[in-house]
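See structure below.
For the numbers below, each heavy atom of this structure counts, side chains included, while hydrogens, waters and symmetry mates do not. Because the structure is predicted, anything quoted here is derived from the model rather than measured. Chain A is the first sequence line, chain B the second, and so forth, proteins listed ahead of strands; every chain is numbered from 1.
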Amino acid sequence: MEAGIVSYGAYVPRYRITPTEIGRVWGADGESMGQSLNVHRKSVPAPDEDTITISTEALRVALIRGAIDPQQIGAIYVGSESHPYAVKPTATVVAQAVGATPHLTAADFEFACKAGTAAIQTCLGLVGAEMVRYGVAIGSDTSQGAPGDALEYSASAGGAAFVIGRDHVIARVEHTVSYTTDTPDFWRREGQRYPSHSGRFTGEPAYFRHETECAHHIMEVAGTTPADYRHVVFHQPNGKFPQRVGKQLGFSESQMRYGLVTPYIGNTYSGAALIGLANVLDHAGPGERILVVGYGSGAGSDAFDLTTTDEIAKFDRSFGRPVQSYLDSGVELSYGVYAKFRGKIHMGGS
Amino acid sequence: MSIARFWRETPRRYNLGGSKCTNCGTAYFPPRSVCPTCARHRESIGKMVPFQLSGEGEVYSFTTVHEPAEGFEMQVPYVLALVRTVEGPMLTGQIVDLAPEEVRIGLKVRATFRKLREEGKAGVIHYGYKFAPVEETAVRPPGGSRTAVGTPATPEGDRAPA
Ligand SMILES: [Zn+2]
């Protein structure tokens, strides 16, 4: 496959809250909750941030880093489960905000946490078929758990944008495969504010089965074993699941080191695996093989077998912040301010 | 503000689309069709071209707002600033991602894309530029030493730009 990643950018909002602080309000032991999830802090969007603003910030960074003329973008797809409008695309606002309009196609993707990886696959097809010069795939979310629900300890906000093209590719896509079944592990019905999940069911038959089956499948297609990869990135709804699935598949801690970001920023849903990949690319030199296996409830996994090229040594990462700086920094909020920012306080009136 | 008016101003609010006089080189935001800087204004007619500001600039002056405008109740107190862009034009905008007490004259800022306001719960959402402090963007070289993931990071608080 000739097409690959030409540029990328990530964005995580500035605010953070700890599981200890969330547990304090709900009379739960938030500290041990955080430890059992391996989530130490999660990101919180400011009141004026949403999936559209996060996507735009991530893409602006990617376009400047890659010196890409926005008018050469032929497609923008934004994957999210928290699009600000039920009807009216996120992608049109993002396209306008980066100066890519009007000669392009744009659409929103939805598939729980894997809508962003599905968007990358679609862009690979369009670019590979030479229908567009550049395709943009974004995974971004400002997800919420119901107050007091287990999800509230991890659901966070952030996103990453990937520009797919054929020239100056920094990471070649050797293979991509998917694994999809009808599995009701997590959902949100129209009009419902918070998602529902089937408790423990979200583990084995859902996340673990899809991640491992998809990982096995791509390594079979590629003729590789875990030892062939320098880095591996899994979907990371918490910090524990990806560690466990990595161990089951035979990957070491050092292979997972850069791809695991959820312990420091929480589960950014559609952004999670993609911010992990952005962190890997922040640290990668030429000739490094990367395995990415995303996951979305409902359920499916998309896997990518990538190899960085010599172009990555020349890639200009100086604009925008490296992912590591988002993992290290942030302003911690009290639960009260967090609830205000996230619209969890009933304001009276209508 | 009406949806139609907001929509017409989209290039300005989303992309900082101004204009530039090709006769004397002065940049304007909002865009102008005649250059007031040229000694003979009419010499600029037909020589004004669309020009996009980079969004880089510094705080020229600012005020902290405690009585919020409608729709800004969640953000009080917030800072409104006059930002002198590197291209010259002065813009008014909100400063985000920095505590009001940390804002100062001369602070380097960069335009960021944010929600400006929502027309109630069912209405349209307006987006546009605000300004955030320019963060340090030091990038570690590939293979550089760092804390291994899996070791809990100690929250280090905000790293305000120096
Ligand atoms: Zn002039």
Point to revise | Intermediate values then yes/no, salt bridge (charged side-chain N to carboxylate O under 4.0 Å, His left out), Lys115(B) and Asp48(A) | key: CA-CA 5 Å; Lys115(B) 274 196 285 194; Asp48(A) 59 355; over 6 Å; no
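Contact annotation for Ala46(A): only side-chain heavy atoms (C-beta onward) come within less than 4.5 Å of a heavy atom of chain B. Looking at Glu57(A), only its side chain comes within 4.5 Å of chain B, counting heavy atoms on both sides. Looking at Ala99(B), the atoms closer than 4.5 Å to chain A (heavy atoms on both sides) all sit in the backbone: N, CA, C or O. With a threshold of 4.5 angstrom between heavy atoms, Val337(A) does not approach chain B through any atom at all. Contacts of Arg60(A) with chain B are made by side-chain atoms alone, with heavy-atom separations under 4.5 Å and no backbone atom involved.
No more than 12 heavy-atom neighbours from other residues, nucleotides or ligands sit within 6.0 angstrom of CD on Glu67(B). In the displayed structure, Lys88(A) atom NZ is contacted under 6.0 Å by more than 12 heavy atoms of other residues, nucleotides or ligands. Counted within 6.0 Å of CD on Glu311(A), heavy atoms from surrounding residues, nucleotides or ligands total more than 12; the atom is thus considered enclosed.
How far CG of Leu59(A) is from CZ of Phe113(B): 11.0 Å, rounded to the nearest 0.5 Å. The CE atom of Met74(B) sits 12.0 Å away from atom CZ of Arg342(A), with the distance rounded to the nearest 0.5 Å. In this structure, Lys130(B) NZ and Glu49(A) CD are separated by 9.0 Å, a value rounded to the nearest 0.5 Å.
Residues Val98(A) and Tyr14(B) are not in side-chain contact: their nearest non-hydrogen atoms beyond the backbone lie 4.5 Å or more apart. Put simply, the side chain of Phe319(A) reaches to within 4.5 Å of the side chain of Arg110(B), judged on heavy atoms.
Residues Tyr85(A) and Gly123(B) approach most closely at CE2-O, 4.3 Å, considering heavy atoms.
By number of non-hydrogen pairs under 4.5 angstrom with chain A, the leading residue of Tyr129(B), Phe72(B), Tyr127(B) is Tyr127(B). Looking only at heavy-atom pairs under 4.5 Å with chain A, the residue among Leu116(B), Ile125(B), Val124(B) that has the most is Ile125(B).
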